[in-house]
Amino acid sequence: MRPPVHVLDAFGAAGPAARLTGGRGTAWRVGNVILKPLDVLPEELDWLHLASSNVSAAEIRMSLPIMSRSGELIVDGWTAFPVLEGEHRAGRWAETARVAFEFADQFRGVDRPDFIDRRTHAWARADRLAWDERVPADIDGAPFLADLLAARLAISESPGIVHGDLSGNVLFDEMHVPSVIDLTLYWRPVKYSVAIVAVDAVCFEGAPPSLLETIEPSDHFSQYLVRALIFRIATDWFNEIAASRLAVYEDVSRRVLELVSADGRIRHE
């Protein structure tokens, strides 16, 4: 659905409306403004707006919500964000990993947001499953999950605000620092964000399997890869993606389980 004229006026968006193909296909660009239907909890949008006053990133730019002329973040179910220069470029995975750390640094020291516990969409449920916070009743038959769930070991690194979907949402431009769009917030250790990038790159962007080992060379990174795979597979399962399409995760699951096994041997030597 095209954003109504009164919504465009409220957010100061002027010019022809062009529908964007990425994401869920519901966003529109009008001039220098991106408009899309509200797809997060209203309090999550409020939190992002308030947090923006403390963002002083020199190495990245963030697409933070725009307030309407009347001081609202939501107008008739629509939200607005600035257009940031750049484009997604497959292959720049190491740079995207650095963006993950820079993004987390911008929110270092903030308290855990309350909205994290109130989200009920597939992505939130899959994230909780990945971190053993909740066992849903509807994962019977989901491919690869049983072995991955059994492979988890405890992680001691501290959580914070991270971006849970950087793949495709970091825009590169030679004249500017990277731009981060579609801010998808989770309360996890930052290496989880990097692991999701690695899994996405190997499964969907033609990255070599070796990226799983090189994108973040710290010890026991395989435990983050396990959780990233659980997150992606469970999200697709909860969104009722056909099981045949989940075969894309088979080779990566096998390789990650091998890395977990190797880590286990190292721990016991």
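Counting begins at 1 with the first residue of the sequence.
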Task: SB check R232 D165 (cutoff 4.0 Å) - done: yes

Open item on the list: Strictly below 4.0 Å, N to O, side chains only: are E133 and R227 in salt-bridge contact?
Closed with: no

- [ ] Would you check if F101 and V194 make a side-chain contact, meaning some heavy-atom pair closer than 4.5 Å?
- [x] yes

TODO: Identify whether the distance between the nearest side-chain nitrogen and carboxylate oxygen of R254 and E250 falls below 4.0 Å.
DONE: yes

- [ ] For residues F144 and W237, establish whether the separation of their ring centroids is below 6.0 Å.
- [x] no

Task: Working for side-chain contact (heavy atoms from CB on, under 4.5 Å), residues R61 and E85 - done: CA-CA 10 Å; R61 293 174 299 161; E85 298 87 352; 2.7 Å; yes

- [ ] Indicate the atoms forming the closest heavy-atom contact of P82 with L64, along with that distance.
- [x] CD-O, 3.1 Å

Task: Salt bridge D132-R152, side-chain N to carboxylate O under 4.0 Å - done: yes

Open item on the list: Using a strict threshold of under 4.0 Å (side-chain N to carboxylate O), is an ion pair present between D127 and R188?
Closed with: yes

Task: Exam field: side chain R69 to backbone D9, donor-acceptor pair closer than 3.5 Å - done: yes

Open item on the list: Any carboxylate oxygen within less than 4.0 angstrom of a Lys/Arg side-chain nitrogen, looking at E43 and R118?
Closed with: yes

Task: Heavy-atom side-chain contact between V180 and Q106 under 4.5 Å - done: no

Open item on the list: Counting neighbours of CG on D117 that are heavy atoms of other residues, nucleotides or ligands and sit closer than 6.0 Å, is the number greater than 12?
Closed with: yes

Open item on the list: So that I can tick it off, tell me whether E59 and R98 are bridged by a salt bridge, with the cut-off set at under 4.0 angstrom between side-chain N and carboxylate O.
Closed with: no

